[in-house]
Amino acid sequence: MSTTQQAAPCILQIVLDTPLNAVFDYRWTCDPANPPQVGQLALVPFARREVVGLIVGITDRTDVPEAKLKDALAVRSQLAPLSPQWLALAGFAADYYQRPLGEVALPGVPKNLRVLTTVALDRALKKLARHDAPHDGTPLAMPRLNPAQQEAADAIGGAQGYAPTLLYGVTGSGKTEVYLQACAQVLAREAEGQILILVPEINLTPQLEGNIRARFPGVMLATLHSSLSEGERMLHWLAAHQGKARIVLGTRLAILASLPQLKLIVIDEEHDPSYKQQEGLRYSARDLAVWRAWQLGIPIVLGSATPSLESWHHAQCGRYRKLELRERAVKNATLPEVKLLDMERDKPKDGLTSQLVAALRQRMERGEQSLLFLNRRGYAPVICCESCGWISDCKRCTSFMVLHKPEHRLRCHHCSLEMRIPRHCPTCGNVDLQPLGRGTQRVEEGLQQLFPDARILRIDADSTRKKGSAQQAFDSVHRGEVDILIGTQMVAKGHDFKKLTLVGILNPDTALFSQDYRASERLFAQLMQVAGRAGRAGRAEGGSASEVLIQTRYPQHPLYGAVVNHDYDHFATALLEEREQAALPPYLFQALLRAEAPELATAIAFLQAARDCVEHGGITINDPIPMSMTRVHNVDRAQLLVESPSRPALQAFLKHWMATLRDMKSRVKWSLEVDPLDI
Ligand code: ADP
Ligand code: ZN
Ligand code: ZN
């Protein structure tokens with residue numbers, strides 16, 4: 001190309017998607033007319049393959065001997081480089097979660113951008129121009145906000161600089177409306193500004209996407225979540241990267257989107273554990289979002305009716321500004337009345353107490369919808385032989401084979417082992433094997449017998465396996481084609497079901513006595529959230545008052561008392577006090593080292609060695625213990641909990657410790673999780 005200017009050799013410092021925590025040097029001949037830039041992708045030879053890496057530095061010297069130095073094959077110069085801010089975000093995530101930068105940064109870039117050839121890339125760009133173009137049209141009028149909503153929208157929309165806000169609003173208080181009007185203010189003020197909106201679940205994107213498109217028809221919206229095809233993902237990612245998409249809506253993975261003009265971040269249902277990635281880079285999208293907002297000096301809003309104790313704590317300390325919406329937005333819509341049904345007094349038949357059945361019948365007669373919530377899918381969690389005591393445990397895991405009656409199969413939910421339902425007991429030959437306990441399929445079956453005319457719909461991971469089927473199911477609920485909806489936590493979150501006046505909660509007691517110190521926080525949030533699906537549209541004339549009925553054996557338990565009173569404040573404050581006294585998060589910082597091996601002893605021995613290989617003054621390292629579900633898919637798992645009241649001290653220790661562990665080159669498979677949720 002440029003024959004007049006001198007082409008000069010240079011060294012590209014490149015990170016690759018490998019577990020090796022290293023930057024690799026490659027030789028490149030710089031074309032002065034089109035020099036390589038930090039943040040660009042480059043194709044390089046690596047371990048006898050050609051892979052795409054990210055340029056993180058450009059220099060003229062290297063320690064690699066001349067003979068060993070390889071040439072980079074191509075620099076993807078048609079793609080604008082990732083910004084220094086984005087590189088800093090990836091760098092922070094890598095550092096904080098103790099992973100190699102390449103393993104964080106490269107999976108954040110769509111696969112197609114990494115593997116496609118130049119020609120294909122050019123074509124995809126062009127395609128983008130046609131894709132998802134904003135259309136002209138009249139935006140749907142914004143509803144008039146109530147004073148509390150207006151105050152919140154103005155505070156968020158008008159904030160300058162880093163301004164973290166906890167939007168604490170009861171279920172149905174119109175938080176979505178606040179986000180949208182705050183977005184409108186930011187879009188109007190920042191000519192090129194971009195907004196990132198995260199929701200915890202993919203199933204929540206369509207409703208919000210519809211709302212956003214209706215309100216902002218002239219604005220390009222990109223969505224980023226795990227059910228996009230690779231082609232779609234690339235188009236949407238590029239739209240964000242090129243600054244064309246002004247609103248990006250996505251699930252946790254969208255936190256690593258490249259957004260050069262980011263001006264506001266919205267985290268809806270911020271308490272939701274789905275924001276935490278549970279494998280690979282185990283990041284918290286919420287926490288990264290707060291860091292990203294801080295780094296860019298932009299506002300961020302975290303919304304929830306049941307904030308995480310972490311965020312509640314930040315609000316109490318004044319690190320986050322707290323805005324409250326105490327009432328439901330729709331006129332007439334009050335919070336549902338929550339009643340506890342004592343299962344000792346009103347013994348359930350087919351899992352349902354007579355009071356719950358009567359309430360369901362009343363809704364049927366009035367043409368209103370009901371929701372039954374049971375967080376256990378399948379027909380029954382286990383089958384057993386009553387004559388010899390055999391139970392259907394999984395051969396490969398410390399768990400049971402769940403009965404899936406429609407498919408006539410037993411299935412392990414942890415390792416996916418499947419088998420036909422045995423005709424007789426494998427131990428004693430008894431033909432009378434009984435299901436024990438109750439999952440959503442079994443409740444559905446009971447309901448069909450009880451209400452033969454009812455339109456009953458079950459929504460859980462089993463009923464929504466096919467792509468798009470969850471959306472169809474939710475749509476039919478919204479269209480009023482369902483009388484009784486039964487589902488797992490999939491139905492509990494965020495949905496705005498307008499015709500629902502009754503929520504029945506089956507069997508929540510088990511979580512009351514869990515070992516996990518987070519169990520009560522989670523149960524409380526889950527109950528408040530599912531209860532919050534009832535009565536959102538306000539009471540119709542002649543219609544039922546909205547009600548939540550909780551079947552329990554422990555109606556005196558204080559957690560249920562707090563749910564009855566819709567009293568998140570006191571409950572959260574009391575839990576925080578307990579955490580402080582017991583020195584637990586958020587007053588303590590934790591990391592968990594996990595190891596897995598065919599034999600438990602091997603995993604424990606590795607953790608013991610890991611414990612002993614470093615000085616750890618000021619850091620508490622507990623004893624290695626088997627994980628509560630020890631064996632999964634024939635592998636035994638153990639863990640080692642590391643704690644410190646100081647986050648920087650823990651971080652410094654982890655960095656040093658990880659380097660030492662990597663050098664040990666153990667055959668045992670291990671991983672580290674920072675800020676673990678399940679311990
Ligand atoms: P949240 O996210 O707080 O649970 P939503 O944002 O889903 O609540 O709002 C609940 C319902 O209230 C929705 O149907 C929404 O359209 C309606 N809504 C919100 N704000 C207003 C308002 N200012 N006036 C009338 N209806 C509203
Ligand atoms: Zn038997
Ligand atoms: Zn199994």
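All of these numbers come straight from a predicted model, not from anything done at the bench.
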(request) Please report the C-alpha distance between Glu596 and Arg637 in whole Å, then the side-chain angles of each, then the deciding distance to 0.1 Å, and finally whether the salt bridge (charged side-chain N to carboxylate O under 4.0 Å, His left out) criterion is met. (result) CA-CA 4 Å; Glu596 50 181 70; Arg637 308 165 328 149; 5.7 Å; no
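- For Asn622 (side chain) and Leu641 (main-chain N/O), a donor-acceptor pair under 3.5 Å exists by modelled atom type.
- Distance alone, capped at 3.5 Å, is enough to place a donor-acceptor pair between the Arg518 side chain and the Leu677 backbone.
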(request) Apply the test salt bridge (charged side-chain N to carboxylate O under 4.0 Å, His left out) to residues Lys70 and Glu50: give CA-CA distance (whole Å), side-chain angles for both, the deciding distance (0.1 Å), then the verdict. (result) CA-CA 12 Å; Lys70 291 187 188 144; Glu50 290 179 4; over 6 Å; no
(message) Checking Val199 against Glu269 for the side chain to side chain contact (heavy atoms under 4.5 Å, CB included) test, could you report, in this order, the C-alpha distance in whole Å, the side-chain angles of both residues, the deciding distance, and whether it holds?
(response) CA-CA 7 Å; Val199 291; Glu269 312 287 1; over 6 Å; no
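- Contact of the Thr306 side chain with the Phe571 side chain is not registered, since no non-hydrogen atoms from C-beta on lie closer than 4.5 Å.
- A donor and an acceptor atom, one from each side chain of Asp272 and Ser274, are located under 3.5 Å apart.
- Looking at Tyr517, its side chain never comes within 3.5 Å of a backbone N or O of Ile679 through a donor-acceptor pair.
- In this pair, Phe92 and Trp291 present their aromatic rings parallel. The plane angle is below 30°, not in the 30 to 60° band.
- At a threshold of 4.5 Å between non-hydrogen side-chain atoms, the residues Pro381 and Arg376 count as touching.
- Side chains of Gln651 and Phe589 form no contact here, defined as non-hydrogen atoms less than 4.5 Å apart.
- No option in Lys276, Gln277, Gln98 other than Lys276 meets the side-chain hydrogen bond (donor to acceptor under 3.5 Å, both in side chains) test with Glu673.
- Taking the side chain as every heavy atom from C-beta outward, Cys415 and Cys394 approach each other to under 4.5 Å.
- In terms of modelled atom types and a separation under 3.5 Å, the side chain of Trp86 and the main chain of Ala105 share no donor-acceptor contact.
- Within 6.0 Å of CZ on Arg465 lie more than 12 heavy atoms contributed by other residues, nucleotides or ligands.
- Donor-acceptor pairing under 3.5 Å is recorded for the side chains of Arg286 and Ser308.
- To the nearest 0.5 Å, the span separating CZ on Phe373 from OG1 on Thr440 amounts to 11.0 Å.
- Here the shortest heavy-atom pairing between Ser258 and His241 reads OG-ND1, 2.7 Å.
- Side-chain contact check for Ser229 and Glu232: at least one donor-acceptor pair (N or O, by modelled atom type) lies under 3.5 Å.
- Looking at every heavy atom in both residues, Ala257 comes nearest to Trp237 through CA-NE1, 4.3 Å.
- Here the straight-line distance linking atom OG1 of Thr205 with atom CD of Gln471 works out to 7.5 Å at 0.5 Å rounding.
- The minimum heavy-atom distance between Ile604 and Ile625, with the atom names listed, is CD1-C, 4.1 Å.
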(request) Take Val52 and Arg76 through the side chain to side chain contact (heavy atoms under 4.5 Å, CB included) test and state the conclusion after the steps. (result) CA-CA 9 Å; Val52 167; Arg76 298 236 188 281; 3.9 Å; yes
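- Contact check for Tyr96 versus Val104: no side-chain heavy atoms found under the 4.5 Å cut-off.
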(request) Apply the test side chain to side chain contact (heavy atoms under 4.5 Å, CB included) to residues Gln590 and Leu592: give CA-CA distance (whole Å), side-chain angles for both, the deciding distance (0.1 Å), then the verdict. (result) CA-CA 7 Å; Gln590 300 179 321; Leu592 199 58; over 6 Å; no
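- No donor-acceptor distance shorter than 3.5 angstrom exists from the side chain of Ser514 to the backbone of Ala519, with no hydrogens or angles considered.
- To the nearest 0.5 Å, atom NZ of residue Lys68 and atom CG of residue Asp25 are 13.0 Å apart.
- The shortest side-chain heavy-atom distance between Tyr283 and Ile255 falls under the 4.5 Å cut-off.
- At a threshold of 4.5 Å between non-hydrogen side-chain atoms, the residues Trp390 and Cys428 do not count as touching.
- In this model, no donor atom of one side chain and acceptor atom of the other lie less than 3.5 Å apart for Thr251 and His225.
- Note that NE2 of His236 and OG1 of Thr223 are 4.5 Å apart. Values are rounded to the nearest 0.5 Å.
- Minimum interatomic distance between Ala473 and Ile459 (heavy atoms only, all atoms of both residues): CB-CD1, 3.7 Å.
- Between Pro307 and Trp312 the shortest side-chain heavy-atom distance falls below 4.5 Å.
- Aromatic pair His404/His413: centroids less than 6.0 angstrom apart.
- The backbone N or O of Ser284 sits less than 3.5 Å from a side-chain atom of Tyr97, completing a donor-acceptor pair.
- A salt bridge links Asp623 to Arg611: one of the charged nitrogens lies within less than 4.0 Å of a carboxylate oxygen.
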(message) If you apply the rule side chain to side chain contact (heavy atoms under 4.5 Å, CB included), what do you find for Val491 with Phe474, and how did you get there?
(response) CA-CA 9 Å; Val491 300; Phe474 286 117; 4.3 Å; yes
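- Ile383 CD1 to Leu403 CG: the interatomic distance, rounded to the nearest 0.5 Å, is 6.0 Å.
- At distances below 3.5 Å, at least one donor-acceptor pair connects side-chain atoms of Gln295 with backbone N or O atoms of Gln85.
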(request) Apply salt bridge (charged side-chain N to carboxylate O under 4.0 Å, His left out) to Arg377 and Asp462, showing your working. (result) CA-CA 7 Å; Arg377 65 193 171 89; Asp462 298 308; 2.9 Å; yes
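- A distance below 6.0 Å separates the ring centres of Tyr554 and Phe513.
- Salt bridge annotation for Asp95-Lys655: present, with a cationic side-chain nitrogen under 4.0 angstrom from a carboxylate oxygen.
- Note on ring orientation: taking the six-membered ring where Trp is involved, the planes of Phe24 and Phe46 are perpendicular (angle over 60°, cut-offs 30° and 60°).
- Between the side chain of Arg442 and the backbone N or O of Gly437, at least one donor-acceptor pair lies under 3.5 Å.
- Closest approach of Gln441 and Lys405 over heavy atoms only: OE1-N, 3.2 Å.
- A donor-acceptor pair under 3.5 Å is formed between the side chain of Arg579 and the backbone N or O of Pro585.
- A pairwise comparison of heavy atoms in Val15 and Leu106 identifies O-CD1, 3.4 Å as the closest pair.
- In this structure, Leu433 CG and His424 NE2 are separated by 9.0 Å, a value rounded to the nearest 0.5 Å.
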